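Written below as C-alpha cells is the structure these notes are about.
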Amino acid sequence: MKKISRRSFVKAAGTAIALTALTACGGSASSSVAASTASSAASGSAAASSEAVSADVQAIIDRGVLKVGVKNAVKGFSFQDTLTGEYTGLEDSLAEMIAEHLGVDVEFTTVTAATRGELLDSGDIDCVLATFTITDERRKSWDFSTPYYTDYVSVLVEDSSGIKALADLKDKVVGVSSGSTSARALVQEMIDEGVITGEGFDAETFNADTWKDGISFRQYDDYPAISTALSAGEVDGFCVDKSILAIYKTEGRSYIDAEFSPQEYGVATKKDSGFSAVCDELVTGWLSDGTIDGLIKENGLA
C-alpha cells in the first residue's frame with residue numbers, strides 16, 4: 001500500500017496554479033492541465049466541507065484516509081515505480097482528487113481483476129479505479145460512476161505466429177487476465193463474425209476456463225505474466241483492452257486486425273452507498289470542465 005499525504009497534493013496543486021501564469025506567457029499545455037486539475041480539486045474540497053454527507057462518507061472523513069484499489073503495472077492508468085513506490089497515471093490522479101475533495105489522504109492498494117471486487121466487498125478499500133469495465137452484470141454487485149474512459153478490446157500476437165485476423169485465432173490458445181471480461185468479448189466477436197458457431201455460448205454463464213469451442217484460454221494473475229507467456233509460446237495471443245496492450249506492443253509484435261467490445265471504465269463503489277453519488281458527481285463535473293480530458297492527454301491515453 002502507498003499513502004499520499006493531502007499536504008503533498010495541496011502543495012502540488014499550488015504549484016500547478018502558479019504555473020497558470022506561465023501558460024499565459026507561452027507555458028506548456030500540461031501546465032494548464034495541472035492548474036485546471038488543482039482548481040477542480042480545490043473547489044470540490046470546499047464543497048465537501050460545507051455540505052451534509054452520508055454516514056459512509058463521514059466515516060472516510062473521520063478516518064482521514066480514502067482507501068483506493070488500483071493497478072500497479074498499467075502505464076497511463078496506474079503504474080507503480082518499483083524504486084520509489086510512487087503511483088502515477090490517470091486513475092491515481094482521479095483518486096487523489098477525490099481524496100482532496102473529502103479533505104483526506106489517499107492510500108493505494110494494488111488490486112487485480114480477480115481481487116478488486118472482493119476487496120471492495122470486504123471493506124478493505126472504499127473504491128476501485130483499476131480499468132474496471134462497467135457491465136450490467138457487475139452493476140448488480142457494485143455501483144459505478146459515469147465512465148471516465150472508453151477503450152476497445154483487441155489481441156496482441158507475435159509477428160512470427162502469422163496470426164493477423166480473428167479467423168487466424170481459430171483453435172488457438174489466448175491468454176487473459178483472471179476475472180476479466182476479455183475472453184467473453186473475444187468469443188462473442190468470433191461468433192458475430194462467423195469464425196466459430198458459438199454453440200452453447202451464454203454471456204451470462206460464460207467461463208473462460210471451460211470454453212473450448214474454436215478457441216481456448218489460459219488465465220493469469222497479471223498482465224506481465226501474460227506477456228511473458230506470449231513470448232514463451234505458452235499462448236498464441238494476449239487479449240485485453242487495447243490501451244493496456246499498447247504497453248506490451250514491443251518490436252516483433254502486432255495487434256490483430258480487429259478491435260471490438262467497447263470497454264467503459266468507471267469508479268466502482270459499494271452498492272447504494274452515499275459515496276457512490278459523491279464519486280459520480282465529481283467524475284461528471286471533471287468530464288464537463290475538461291479536467292479528465294486533460295489528464296487523458298497528459299498520461300498519453302489520447
Side-chain angles (χ1 to χ4, degrees), residues 37 40-41 44 54 56-57 60 66-72 74-79 87 89-102 106 108-153 177 179-182 184-185 203 223 240-244 259-299 301-302:
T37 300
S40 297
S54 61
D56 60 310
V57 173
I60 296 171
L66 175 67
K67 299 179 180 181
V68 185
V70 296
K71 298 284 184 69
N72 69 346
V74 186
K75 290 182 179 179
F77 288 95
S78 181
F79 186 83
Y87 288 81
L90 167 65
E91 293 173 327
D92 304 319
S93 294
L94 291 176
E96 290 166 356
M97 290 162 59
I98 294 170
E100 177 62 17
H101 171 83
L102 298 175
V106 60
F108 292 132
T109 296
T110 299
V111 300
T112 66
T115 65
R116 56 195 174 190
E118 62 187 41
L119 288 173
L120 185 56
D121 290 340
S122 67
D124 288 300
I125 54 179
D126 301 305
C127 62
V128 177
L129 287 95
T131 60
F132 207 169
T133 302
I134 303 168
T135 66
D136 290 340
E137 182 179 354
R138 287 173 175 169
R139 284 187 184 278
K140 295 175 183 177
S141 300
W142 309 288
D143 286 336
F144 286 88
S145 70
T146 298
Y148 53 80
Y149 190 86
T150 300
D151 201 358
Y152 293 84
V153 175
S177 177
S180 73
T181 59
S182 303
R184 182 177 63 188
Y223 303 126
V240 73
D241 306 352
K242 202 166 184 180
S243 59
I244 297 172
E259 57 180 35
F260 45 91
S261 186
Q263 306 288 297
E264 295 183 325
Y265 302 156
V267 182
T269 47
K270 282 195 171 182
K271 192 73 176 171
D272 300 323
S273 65
F275 188 43
S276 300
V278 171
C279 290
D280 188 62
E281 182 177 355
L282 290 173
V283 170
T284 300
W286 293 330
L287 285 168
S288 297
D289 68 15
T291 297
I292 289 179
D293 185 55
L295 288 172
I296 287 172
K297 294 175 182 176
E298 186 178 275
N299 285 285
L301 298 172

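Bear in mind that the values here come from a model prediction, so they are computed numbers and not experimental data.
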Q) Are the side chain of Ser122 and the backbone of Leu119 linked by a donor-acceptor contact shorter than 3.5 Å? A) yes

Q: Just do the side chain to side chain contact (heavy atoms under 4.5 Å, CB included) check on Leu129 and Tyr148 with the steps written out, would you?
A: CA-CA 10 Å; Leu129 287 95; Tyr148 53 80; 4.2 Å; yes

(Q) Let's go through Leu287 and Thr146 carefully: what are the C-alpha distance in whole Å and the side-chain angles of both, what is the deciding distance for side chain to side chain contact (heavy atoms under 4.5 Å, CB included) to 0.1 Å, and is it a yes or a no? (A) CA-CA 9 Å; Leu287 285 168; Thr146 298; 3.8 Å; yes

Q) If you look at every heavy atom in Gly274 and Ser54, which pair is closest and at what distance? A) CA-OG, 3.3 Å

**Q.** Closest contact, heavy atoms only, Thr131 versus Tyr223
**A.** OG1-OH, 4.2 Å

Q) Nearest heavy-atom pair of Ser78 and Lys71: which atoms, and what distance? A) OG-O, 2.5 Å

Q.
Whether the side chain of Arg184 engages the backbone of Ala203 through a donor-acceptor N/O pair (distance < 3.5 Å, no angle test) should be reported.
A. yes

Q. Backbone N or O of Ser243 within a donor-acceptor pair of the Asp151 side chain at under 3.5 Å?
A. yes

Q: Could you check if a side-chain atom of Ile134 sits within less than 4.5 angstrom of a side-chain atom of Pro147, using non-hydrogen atoms only?
A: yes

Q: Find out whether Leu301 and Leu90 are in side-chain contact, i.e. whether some heavy atom of one side chain is under 4.5 Å from a heavy atom of the other.
A: yes

Q) How far apart are the C-alpha atoms of Thr181 and Glu137, what are their side-chain angles, what is the distance that settles it, and do they pass the side chain to side chain contact (heavy atoms under 4.5 Å, CB included) test? A) CA-CA 11 Å; Thr181 59; Glu137 182 179 354; over 6 Å; no

(Q) To the closest 0.5 Å, what do you measure between CD1 (Ile292) and CG (Leu94)? (A) 5.0 Å

Q.
Whether the side chain of Arg138 engages the backbone of Thr133 through a donor-acceptor N/O pair (distance < 3.5 Å, no angle test) should be reported.
A. yes

Q) Okay, side chain of Thr284, backbone of Asp280: is any donor-acceptor separation there less than 3.5 Å? A) yes

Q.
Looking only at the side chains, is there a donor atom on one of Asp289 and Thr291 sitting less than 3.5 Å from an acceptor on the other?
A. yes

Q. Where the side chain of Lys270 meets the backbone of Ser276, is there a donor-acceptor pair that is under 3.5 Å apart?
A. no

Q) Knowing that exactly one of Phe77, Trp286, Phe132 qualifies, which makes a ring pair (Phe, Tyr, Trp, His ring centres under 6.0 Å) with Tyr149? A) Phe77

Q. Taking atom NZ of Lys75 as the centre, does the number of heavy atoms from other residues, nucleotides or ligands within less than 6.0 Å exceed 12?
A. no

Q) What distance separates Glu91 CD from Cys127 SG, expressed to the nearest 0.5 Å? A) 10.5 Å

Q. How many angstroms lie between atom CG of Leu102 and atom CG of Leu282, to the nearest 0.5 angstrom?
A. 7.5 Å

Q) So how far is it from Lys271 NZ to Arg139 CZ, rounded to the nearest 0.5 Å? A) 7.5 Å

Q) Does a salt bridge link Asp293 with Lys297, judged by any charged N lying under 4.0 Å from a carboxylate O? A) yes

Q) If every non-hydrogen atom of Tyr152 is compared with every non-hydrogen atom of Pro262, which pair is closest and at what distance? A) CE2-CG, 3.5 Å

Q) Could you walk me through whether Val68 and Tyr87 pass the side chain to side chain contact (heavy atoms under 4.5 Å, CB included) check? A) CA-CA 12 Å; Val68 185; Tyr87 288 81; over 6 Å; no

Q.
Tell me the closest heavy-atom pair linking Leu66 and Ala95, and the distance in Å.
A. CD2-O, 4.0 Å

Q. When rounded to the nearest 0.5 angstrom, what is the spacing between CD1 in Ile125 and OG1 in Thr110?
A. 10.5 Å

Q.
Just so I know, are the side chains of Met97 and Leu295 near enough to count as touching, which here means a heavy-atom distance under 4.5 Å?
A. yes

Q: Check Ile98 against Cys279 and note the closest heavy-atom contact, atom names and distance.
A: CD1-SG, 4.3 Å

Q) Within the side chain of Arg116, is there an N or O that forms a donor-acceptor pair under 3.5 Å with the backbone of Ala130? A) yes

Q. Judged by atom type as modelled, is there a donor-acceptor pair below 3.5 Å linking the side chain of Asp143 to the main-chain atoms of Thr269?
A. no

Q) How many angstroms lie between OG in Ser145 and CZ in Phe275, if you round to the nearest 0.5 Å? A) 10.0 Å

